[in-house]
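In this text the structure is predicted, and so the values were computed from the model without any measurement. The first residue in the sequence is number 1, and the count goes up from there.
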Amino acid sequence: MGIQSRGLNKIHSEKTRQMYLDLAYKEFSKYGYADASTTRIVVASEMARGSLYYHFKDKKDLFRAVVTKIISDIAVDLKQVYDREKAPDLALIALAKRYFSICADGARGRMAFVDAMAVLGAGECHKIHQDTLRPVLSHAISAIIDMGGFPGHNKNMLAMFLFGSLTESARIIQTVPNSDLATKQFFETFELSKSSILCVLA
């Protein structure tokens, strides 16, 4: 097999893997992990069942790949939000608001921050976050520390505290009867708390 043929096979393989990730995202979004069906994914792919298991060991491995992709995309999104702001304090607030919105965002937030914890466990979720979200969050906190904020505090602990609180708030809001109203009220409260967040720079 020539170099060109191997290259084409690799491209085809990557496209097939991405197709399964897209189909799996829809399946897990609609049915949740427990009721999701790899059979439906295979039927939708119009490929042989063995093709799915060439790329993923089992349903859990497929879910892990979907979650990793979601969280990697979230990290890119958050970095773009952060980079748009000139001042580190305002950038941190914009980042926190965007992160909360993502966590509270229906299927995507549920898969990335609720189902992932239940299916993969805290250890695996921590490893995924370590390579994707954590660097963005820690960088945002580091910029505040460099300005003299949060004196004497560890940036990683602060990132875990702030964004852990936002994640948990979003999880709770997803369970209330009127999540849209709860989200609106949360953001109103968040706006009022800006001065408290910024006062650490004084």
Side-chain angles (χ1 to χ4, degrees), residues 18 21-22 25 29 64-117 120 122-176 178-202:
Q18 185 58 53
L21 288 175
D22 293 341
Y25 177 88
S29 296
R64 182 185 296 109
V66 170
V67 167
T68 301
K69 177 70 165 60
I70 291 171
I71 294 177
S72 296
D73 289 346
I74 290 172
V76 171
D77 183 341
L78 292 177
K79 186 174 186 310
Q80 290 172 346
V81 168
Y82 181 85
D83 288 345
R84 281 198 291 269
E85 297 287 343
K86 300 294 183 188
D89 51 352
L90 297 179
L92 177 63
I93 289 170
L95 181 63
K97 289 182 72 174
R98 179 62 180 152
Y99 180 81
F100 176 85
S101 296
I102 291 168
C103 291
D105 177 26
R108 182 170 65 153
R110 189 193 71 237
M111 271 194 285
F113 300 106
V114 179
D115 294 352
M117 189 68 73
L120 303 177
E124 278 201 66
C125 288
H126 175 75
K127 278 166 46 176
I128 294 170
H129 294 171
Q130 194 72 27
D131 297 330
T132 53
L133 280 177
R134 196 63 54 75
V136 179
L137 308 184
S138 294
H139 174 74
I141 298 290
S142 289
I144 298 290
I145 290 174
D146 290 344
M147 291 176 64
F150 305 127
H153 291 285
N154 178 283
K155 67 178 180 180
N156 292 320
M157 291 299 104
L158 283 168
M160 286 173 62
F161 173 77
L162 175 59
F163 291 94
S165 299
L166 291 168
T167 303
E168 191 58 32
S169 297
R171 282 180 184 153
I172 292 168
I173 280 176
Q174 284 195 42
T175 67
V176 301
N178 191 338
S179 60
D180 289 341
L181 176 60
T183 299
K184 179 176 180 292
Q185 291 171 340
F186 178 89
F187 281 133
E188 287 171 354
T189 304
F190 194 88
E191 288 294 327
L192 291 172
S193 69
K194 273 186 181 181
S195 57
S196 298
I197 295 171
L198 297 180
C199 75
V200 298
L201 300 174

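Expressed to the nearest 0.5 Å, how far CG of Asn154 lies from CD1 of Ile141 amounts to 10.5 Å. Once rounded to the nearest 0.5 Å, the distance linking OG1 of Thr68 with CD of Glu124 reads 8.5 Å. How far NE2 of His126 is from CG of Leu120: 14.0 Å, rounded to the nearest 0.5 Å. Arg110 contributes atom CZ, which lies 6.5 Å from atom OG of Ser29 (distance to the nearest 0.5 angstrom). With rounding to the nearest 0.5 Å, the separation of NE2 in His129 from CE in Met160 is 11.0 Å. Atom-to-atom distance recorded for Leu90:CG and Leu95:CG is 12.5 Å, nearest 0.5 angstrom.
The shortest non-hydrogen separation linking Ala65 to Leu21 is CB-CD2, 3.6 Å. Between Met111 and Ile70, the shortest heavy-atom contact is CE-CD1, 3.9 Å. When every heavy atom of Thr132 is checked against every heavy atom of Ser72, the shortest pair comes out as CG2-OG, 3.4 Å.
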**Request:** Evaluate the side chain to side chain contact (heavy atoms under 4.5 Å, CB included) criterion for residues Ile93 and Glu85: first the C-alpha distance (whole Å), next the side-chain angles of each, then the deciding distance (0.1 Å), finally the verdict.
**Result:** CA-CA 10 Å; Ile93 289 170; Glu85 297 287 343; over 6 Å; no
**Item:** Check against side chain to side chain contact (heavy atoms under 4.5 Å, CB included), Tyr82 and His139
**Value:** CA-CA 10 Å; Tyr82 181 85; His139 174 74; 3.7 Å; yes
**Request:** Quick one: do Leu158 and Ile144 satisfy side chain to side chain contact (heavy atoms under 4.5 Å, CB included)? Show the steps, please.
**Result:** CA-CA 11 Å; Leu158 283 168; Ile144 298 290; over 6 Å; no
**Request:** Kindly indicate, with the supporting measurements, whether the criterion side chain to side chain contact (heavy atoms under 4.5 Å, CB included) is fulfilled by Tyr99 and Val136.
**Result:** CA-CA 11 Å; Tyr99 180 81; Val136 179; over 6 Å; no
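Salt bridge absent: Asp131 and Lys127 never bring a charged side-chain N and a carboxylate O closer than 4.0 Å.
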